[in-house]
Amino acid sequence: MRLRSNNPLAVRLGPLVLKNPVIMASGIFGYGDEMRHFLDYRCLGAIVTKTVTLQPWKGNPQPRLWETSAGMINAIGLQNVGLERFLEEKLPRLRRLGTIMIVSISGNTTREFCVLAETLARQDVQALELNISCPNLRFKKKMVATCPRLVLNLVKDVRRVFPRKCLLVKLSPNVTDITSIALAAEEGGADGLTLINTVKALAVDLEGRRLITGGLSGPAIKPVGLRCVYEVYRRVKLPLIGLGGILSGADALDYILVGASAVGIGSGFFSNPLLPQEVTRYLLGKVRQFQCRTLSEMVGIFNEKETGV
Amino acid sequence: MRLQDLKILRIQVLAGEHFWIEMENRLSSEVLPGQFVHIKISPFLFLRRPFSVASVSQGRLGFLIRCAGTGTALLSEKIPGQRLSVLGPLGTGFPVRKRWKKLWLVAGGTGVASLLLLLSLLQKLKEKEIVFFYGAVSKSLLFRQLLPPGNYLRIFTTDDGTSGQAGSVTEPVRKRLITGEKPDVLYGSGPLAMLKELSLLCKQYDVTGYLSLEARLACGTGICLGCVVPIGDANNWSYQRVCCDGPVFPAGQIQWERFLPVEGKSVKRCSLHSRHHETEKQ
């Protein structure tokens, strides 16, 4: 598929070309056709699947959800059916949706990531997103996305078994310097970076006498996400998928202006299932208003690359 | 399942922070008893709020709601004529079989909402012998006026004994079971502790039971996996979604000990699932 010049919203992520920059983020889109009643899947740039692991995972016990004043905390714990059932049941359904599919994978060891990537490559999956930043998950008692060396090695190893196809890496905002992690992923051979995953958070349920820990999403984290995209864009050449707190087309545009080539819709989709269409329409209008030929010309125009780094 | 803006037609304040709200009904499919809708109450609240449909009549949907938190409080302040974004109907309903003749409906508190719709449906069917158990905290919170007229046995309980029998609504159920009476099916809706009790009774007396669970929801459509409960056998269970695999589950399939641990433990993550929590699905 080539970048068609007559499509002003087309986005290139390494070898992958999306017809528009709106991507359904991982974990908010099950595996298929639950939302078919009001969402036209063909209007999406791509969907990222719920994270798949080698073995089925039951996920965390309750409480898994907590609404906060401007967002929500979740602790789902990567509940999923495992690779085998994913290939049998979910993959054929996802293929029929008529949009590009990015499979999110995660594991407890490098070997698990590699087995997943290799198997999915054989199944002709065109794009992977490495989920190394789930706040509810540890890799040798450490979140991979907090250590540049772990990221570099993992991305390198997965790249080897998943050549010539789109490899994305999802980064965490829970780090001292996100650019060092982004640079490590770039050096490892990633085609693009997704940022950000949820922010580690805690709530106190006084009445229930319990604590709720998990990852914060929603409008509360939009400024955090924007700052991460801003910083990474200045240092890294890879295309970025910006997400965190996008509830409107204007939120999505903010991400584009500071350096994201594409945007992810996350938990904002829960309250407004029509959000993907609204964002696409808004961005198309803005391309005309900014008198640009394509949206890609608008990427990062409020930001500038640091040179000589 | 459809997403649309529905007009509020009527709001009536009931006793003790409860209110009755009616909205126009333009949902695509018929609402089954036990199903719910997911309502966007305010742009300042991030998530939608789920409410069981309590009545469907003449193009109107009725809901019985208790002000349990910010969302329901904001909803109670709406005025007729305003429109709200409504997603629904969602979830599975209570199963109804022709061969089930003797039916027991057990409602606790605002859990009565989903059973009201079931009761009106069952009354239209022939040859059904219905007993309606309804318990509340006190007399003023026992909304007898919401029960449809008809030929069925009503048994009321209140925690403080101000109306009907004193004590939990599960007590008259237990007494009847002890005397050897047994329904073909038991439907339950109410606080989790009450449902757990019903679940144990169903197991002990080998009664087919269906219970409507409540949970905090985010998406309401099965994609976020936030509302799950452990369902299955003791050795072979999995987390299933209240919003789309439920909210009605077979009584014997709910793994309570993985879900509602013993109360009184110290504060610890995941250690408690309080029955008092500020959930708003009723």
Side-chain angles (χ1 to χ4, degrees), chain A residues 24 27-39 50 56-81 202-214 217-220 245 247-248 266-274, chain B residues 1-4 28-29 38-49 68-71 85 87 215-230 237-244 258-261 263-280:
Chain A
M24 299 301 294
I28 62 140
F29 199 78
Y31 294 110
D33 49 5
E34 287 94 342
M35 306 304 277
R36 67 182 178 281
H37 299 282
F38 32 77
L39 183 65
K50 174 90 189 145
W57 285 16
K58 273 191 177 351
N60 286 333
Q62 290 288 358
R64 284 185 174 189
L65 284 180
W66 194 263
E67 191 184 41
T68 64
S69 42
M72 58 176 263
I73 297 176
N74 87 75
I76 310 298
L78 298 188
Q79 176 179 346
N80 78 97
V81 296
L202 181 141
V204 178
D205 174 11
L206 187 62
E207 221 176 318
R209 304 200 329 128
R210 61 185 182 177
L211 299 180
I212 290 95
T213 55
S217 63
L247 293 192
S248 66
S267 47
F269 184 59
F270 298 155
S271 64
N272 181 8
L274 301 176
Chain B
M1 188 206 310
R2 239 168 110 183
L3 178 68
Q4 53 199 334
S28 55
S29 53
H38 215 19
I39 301 180
K40 179 80 180 170
I41 295 171
S42 157
F44 302 105
L45 282 177
F46 185 49
L47 297 175
R48 289 168 177 266
R49 295 291 189 275
T70 323
S85 167
L87 180 63
R216 285 170 180 276
L217 305 187
C219 70
T221 50
I223 55 180
C224 78
L225 306 180
C227 61
V228 297
V229 285
W237 61 275
S238 63
Y239 282 120
Q240 295 194 16
R241 300 159 293 185
V242 169
C243 68
C244 66
R258 297 188 179 280
F259 168 48
L260 253 189
E263 288 193 30
K265 276 192 184 174
S266 61
V267 174
K268 194 178 159 195
R269 169 155 157 65
C270 301
S271 69
L272 286 173
H273 186 103
S274 168
R275 60 179 156 154
H276 303 300
H277 70 173
E278 187 224 40
T279 175
E280 291 173 352

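The sequence lines fix the lettering, A, B, ..., with proteins before strands; numbering per chain opens at 1. Everything numeric in this text was worked out from a predicted model, so none of it was measured. The basis for the numbers below is simple: all heavy atoms, side chains too, and nothing from hydrogens, waters or symmetry mates.
- Side-chain atoms of B:Tyr239 and B:Leu225, non-hydrogen and from C-beta on, never get closer than 4.5 Å to each other.
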Candidate pair B:Leu3 and B:Ser85, rule side chain to side chain contact (heavy atoms under 4.5 Å, CB included), full reasoning: CA-CA 7 Å; B:Leu3 178 68; B:Ser85 167; 3.6 Å; yes
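- Contact annotation for A:Ser69: only backbone heavy atoms (N, CA, C, O) come within less than 4.5 Å of a heavy atom of chain B.
- Residue contact with chain B, scored on non-hydrogen atoms closer than 4.5 Å, involves the side chain of A:Leu247 exclusively.
- Side-chain atoms of A:Arg209 never come within 3.5 Å of backbone atoms of A:Glu207 as a donor-acceptor pair (strictly under, hydrogens ignored).
- Under the 3.5 Å distance criterion, the side-chain polar atoms of B:Arg48 are matched with a main-chain donor or acceptor of A:Ser271.
- Taking A:Pro219, A:Gly71, A:Gly268, A:Ala220 one by one and counting their heavy-atom pairs under 4.5 Å with chain B, the maximum is reached by A:Gly71.
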